[in-house]
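Right, one structure below, let's go through it.
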Amino acid sequence: MSVLRPLPHPPSSELELVNQAQQLAGMALGELATLAGMSTPPNLKRDKGWTGVLLERWLGASAGSKPEQDFANLGIELKTIPIDAQGRPLETTFVCVAPLTGNTGVVWETSHVRHKLHRVLWVPVEGERSIPPGERRVGTPLLWSPSEEEDDQLRRDWEELMDMIVLGQVERITARHGEVLQIRPKAANSKALTEAIGENGQPIMTLPRGFYLKKNFTGAILARHFML
DNA sequence: GGTTGATCATTG
DNA sequence: CAATGATCAACC
């Protein structure tokens, strides 16, 4: 017999990771926080990453400071995703920062977006604001890799968006571009600036951006999971 | 400022 | 009332 406890080190196999994630299904975040020695905030206004950090800790991902996948040895990225009572995503999913310079010759096959999404452990978590964070429950995890169709959808959006960046049109990009992948600000605030290519090819300073998966895309992944 | 983890809150 | 644009925290 063993009590439920956070993995004290990175999982050494996919089985160990998935088993641990499945053990968390049905548990309340407050209970998991207590068992992990973490406090539980009354809301997520000032703790937006709290759920993600909590699950990282339970699954043995070294919290937050990695350049690559959460489980580099397994080639797996961990994503918690807030869902409503019907299992539909409540928020878009951040993928990675959008590179605004040094993009000459970059292709989809070796892009950061494709690498990040090659294998993802989705952990749904109740996310409605009417439920206090401590009472939100973890759902059934799903280990996912993009199908050919999904990879193609992502590639088309990525190419359109990267073309705009390379052509100096980054400030014309809005969250409406892309069917399943979008670019939106990703910064501490609207005063944060980073270098990019201007409309005449000159260096400009602009808001840092990130790639996000739109809810139609992640919703389809989760829906297929429920149907199977 | 840039990375990690994301959700908030104003707007259409 | 969903979605876009803005923002919060910790670590380095």
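This is a predicted model, so every value here is computed, not measured. Convention: sequence-line order gives letters A, B, ...; per-chain numbering from 1.
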Task: Given C:dG5, C:dA6, B:dT4, the nucleotide with the shortest approach to the side chain of A:Val97 - done: B:dT4
- [ ] Would you indicate what A:Gly52 reaches in the nucleic acid, counting non-hydrogen atoms under 4.0 angstrom: base, sugar-phosphate, or nothing?
- [x] sugar-phosphate
- [ ] Can you check whether any acceptor in the base of B:dT4 is under 3.5 Å from a donor in the side chain of A:Lys186, or vice versa?
- [x] yes
Task: A:Arg137 CZ: over 12 foreign heavy atoms closer than 6.0 Å - done: no
- [ ] Remember a base hit wins even if backbone is also touched, and classify A:Leu90 as base, sugar-phosphate or nothing at under 4.0 Å, heavy atoms.
- [x] nothing
TODO: Would you please confirm or rule out a distance under 4.0 Å between OP1 or OP2 of C:dT4 and any side-chain N or O of A:Arg184?
DONE: no
Open item on the list: Taking CD in A:Glu160 as the centre, count heavy atoms belonging to other residues, nucleotides or ligands within less than 6.0 Å. Is the count above 12?
Closed with: yes
TODO: Tell me which of A:Arg136 and A:Val95 sits closer to the 5' end of DNA chain B, going by the nucleotide each one is nearest to.
DONE: A:Val95
TODO: Starting at atom CD1 of A:Ile81, determine the distance to atom C1' of B:dA6, rounded to an integer number of angstrom.
DONE: 12 Å
Task: Value in whole Å for how far the P atom of C:dG5 lies from CD of A:Gln182 - done: 9 Å
Open item on the list: For a quick test of reading the model: is some side-chain N or O of A:Lys116 closer than 4.0 Å to OP1 or OP2 of B:dT4?
Closed with: yes
Task: Nearest-Å distance for atom pair NZ/C1', residues A:Lys191 and C:dA6 - done: 10 Å
Task: Heavy-atom check, side chain of A:His177 versus side chain of A:Ile183, under 4.5 Å - done: no
- [ ] Using a 4.0 Å heavy-atom cut-off across all strands, classify A:Glu77 as base, sugar-phosphate, or nothing.
- [x] sugar-phosphate
Open item on the list: Applying a 4.0 Å non-hydrogen cut-off, can you work out what A:Arg176 is touching in the nucleic acid: base, sugar-phosphate, or nothing?
Closed with: sugar-phosphate
- [ ] With heavy atoms under 4.0 Å as the rule, sort A:Thr194 into base, sugar-phosphate or nothing.
- [x] sugar-phosphate
TODO: To the nearest Å, give me how far apart CZ (A:Phe94) and P (C:dA9) are.
DONE: 18 Å
TODO: Look at all strands and tell whether A:Thr174 reaches a base, only sugar-phosphate, or nothing, counting heavy atoms closer than 4.0 Å.
DONE: sugar-phosphate
Open item on the list: Under 4.0 Å from OP1 or OP2 of B:dA6: is there any side-chain N or O of A:Thr80 that close?
Closed with: yes
Task: A:Thr51 vs B:dA6: side-chain N/O to OP1/OP2 distance below 4.0 Å - done: no
- [ ] Please tell me which of A:Tyr212 and A:Arg46 maps to the more 5' nucleotide of DNA chain C, matching each residue to the nucleotide holding its nearest heavy atom.
- [x] A:Tyr212
Task: A:Arg184 and A:Gln182: side chain donor to acceptor below 3.5 Å - done: yes
TODO: Report the distance from atom NE2 of A:His115 to atom P of B:dT3, rounded to the nearest whole Å.
DONE: 16 Å
Open item on the list: Are A:Pro89 and A:Leu222 packed together at the side-chain level, in the sense that at least one heavy-atom pair is separated by less than 4.5 angstrom?
Closed with: yes
Task: Polar side-chain contact A:Lys48-C:dT7 base: donor and acceptor under 3.5 Å - done: yes
Task: Interatomic distance where CZ belongs to A:Arg209 and C1' belongs to C:dT4 [whole Å] - done: 12 Å
Open item on the list: Quick check on DNA chain C: between A:Glu91 and A:Asn189, whose nearest nucleotide comes earlier from the 5' end?
Closed with: A:Glu91
TODO: Figure out the CZ/P separation between A:Arg129 and C:dA2, and round it to whole Å.
DONE: 11 Å
Open item on the list: When you measure from the side-chain N and O atoms of A:Lys215 to the phosphate of C:dA2, is any distance below 4.0 Å, counting only OP1 and OP2?
Closed with: no
Open item on the list: Does A:Glu179, at its CD atom, have more than 12 non-hydrogen atoms belonging to other residues, nucleotides or ligands within less than 6.0 Å?
Closed with: no
- [ ] Rounded to the nearest angstrom, tell me the gap between atom CG in A:Leu44 and atom P in B:dC8.
- [x] 6 Å
